[in-house]
Amino acid sequence: NSIDAYNEKNIDNREIFISAKLQDDMVIIKVEDNAGGIDKEILDHIFEPNFTTKPEGKGSGVGLYIASKIIKKDGGSIKADTTNSGAIFTITLNQPLI
């Protein structure tokens, strides 16, 4: 999705930051880009099935939906937000017992 946004907006300085940390018994993963962010009007809909902002034939609208279902199946969560320069996705997962 970041790559598509970079291409649509002709952004040359492309950065994606990924971080992970343990917090209590959870693993928190953050993925952030500088591709301009997600419009506030659609932010609440991006995890819905068949929702896409891509032109006809360019996207099925199932990628984020499936990702959210897999994450939630095991008791995790995923959320998206817009920052000053792009989008940030925060995934929270139960830490596996070792």
Side-chain angles (χ1 to χ4, degrees):
N1 289 334
S2 294
I3 291 170
D4 289 337
Y6 288 133
N7 291 339
E8 289 170 14
K9 298 172 185 177
N10 295 317
I11 296 172
D12 291 325
N13 182 27
R14 301 171 179 201
E15 298 177 322
I16 296 176
F17 302 97
I18 302 170
S19 66
K21 69 177 182 177
L22 292 175
Q23 183 174 321
D24 301 320
D25 60 345
M26 305 299 282
V27 176
I28 300 171
I29 303 165
K30 293 188 180 196
V31 181
E32 183 174 359
D33 67 23
N34 65 336
I38 303 167
D39 291 335
K40 296 283 185 191
E41 302 84 46
I42 66 166
L43 200 54
D44 291 336
H45 302 287
I46 63 172
F47 297 110
E48 295 174 2
N50 304 312
F51 181 82
T52 184
T53 60
K54 295 176 184 171
E56 183 80 26
K58 297 289 183 180
S60 63
V62 297
L64 289 174
Y65 170 73
I66 290 172
S68 70
K69 287 296 184 187
I70 292 169
I71 291 165
K72 290 177 182 177
K73 177 182 172 274
D74 291 323
S77 66
I78 182 170
K79 68 177 185 171
D81 207 351
T82 296
T83 66
N84 290 337
S85 62
I88 185 167
F89 286 79
T90 304
I91 301 166
T92 304
L93 304 170
N94 291 315
Q95 181 181 357
L97 299 174
I98 298 176

Requested in this report: Any salt bridge (charged side-chain N to carboxylate O under 4.0 Å, His left out) involving residues 11-24? Give me the pairs, sequence neighbours left out, ordered by first then second residue.
Outcome: none
Query raised in the report: Excluding sequence neighbours, so at least two apart, what forms side chain to side chain donor-acceptor pair (under 3.5 Å) with Tyr6?
Result: Asn34
Query raised in the report: Quick one: CD1 on Ile18 to NZ on Lys30, what's the gap to the nearest 0.5 Å?
Result: 14.0 Å
Query raised in the report: If Ile, Leu, Val, Met, Phe, Trp and Tyr residues are connected whenever their side-chain heavy atoms lie under 4.5 Å apart, and connections chain through other members, are Tyr65 and Val31 in the same group?
Result: no
Requested in this report: Report yes or no: do Ile29 and Phe89 belong to one cluster of Ile/Leu/Val/Met/Phe/Trp/Tyr joined by side chain heavy-atom distances under 4.5 Å?
Outcome: yes
Requested in this report: Would you mind listing the cluster partners of Ile28? Hydrophobic ones only (ILVMFWY), side-chain contacts under 4.5 Å, chaining allowed.
Outcome: none
Report summary line: Contacts of Asp81 meeting side chain to side chain donor-acceptor pair (under 3.5 Å) (sequence neighbours excluded), chain-then-number -> none
Query raised in the report: Under the side chain to side chain donor-acceptor pair (under 3.5 Å) test, which residues partner Ser2, sequence neighbours left out?
Result: Asp33
Requested in this report: Report the distance from atom CD of Glu32 to atom OG1 of Thr90, rounding to the nearest 0.5 Å.
Outcome: 8.5 Å
Requested in this report: Check whether any side-chain heavy atom of Asn1 lies under 4.5 Å from a side-chain heavy atom of Ile46, and answer yes or no.
Outcome: no
Side-chain donor/acceptor pairs under 3.5 Å, residues 69-80, sequence neighbours excluded:
none

Query raised in the report: What class does the angle between the rings of Phe51 and His45 fall in, given that below 30° is parallel, 30 to 60° is tilted and above 60° is perpendicular?
Result: tilted
Query raised in the report: Should we count CD1 of Ile3 as having more than 12 external heavy atoms under 6.0 Å?
Result: no
What donor-acceptor contacts under 3.5 angstrom involve side-chain atoms of residues 36-44, with partners at least two apart or in another chain?
none

Query raised in the report: Applying the 4.5 Å side-chain criterion to the ILVMFWY set and letting contacts propagate, would Val27 and Ile88 be lumped into a single cluster?
Result: no
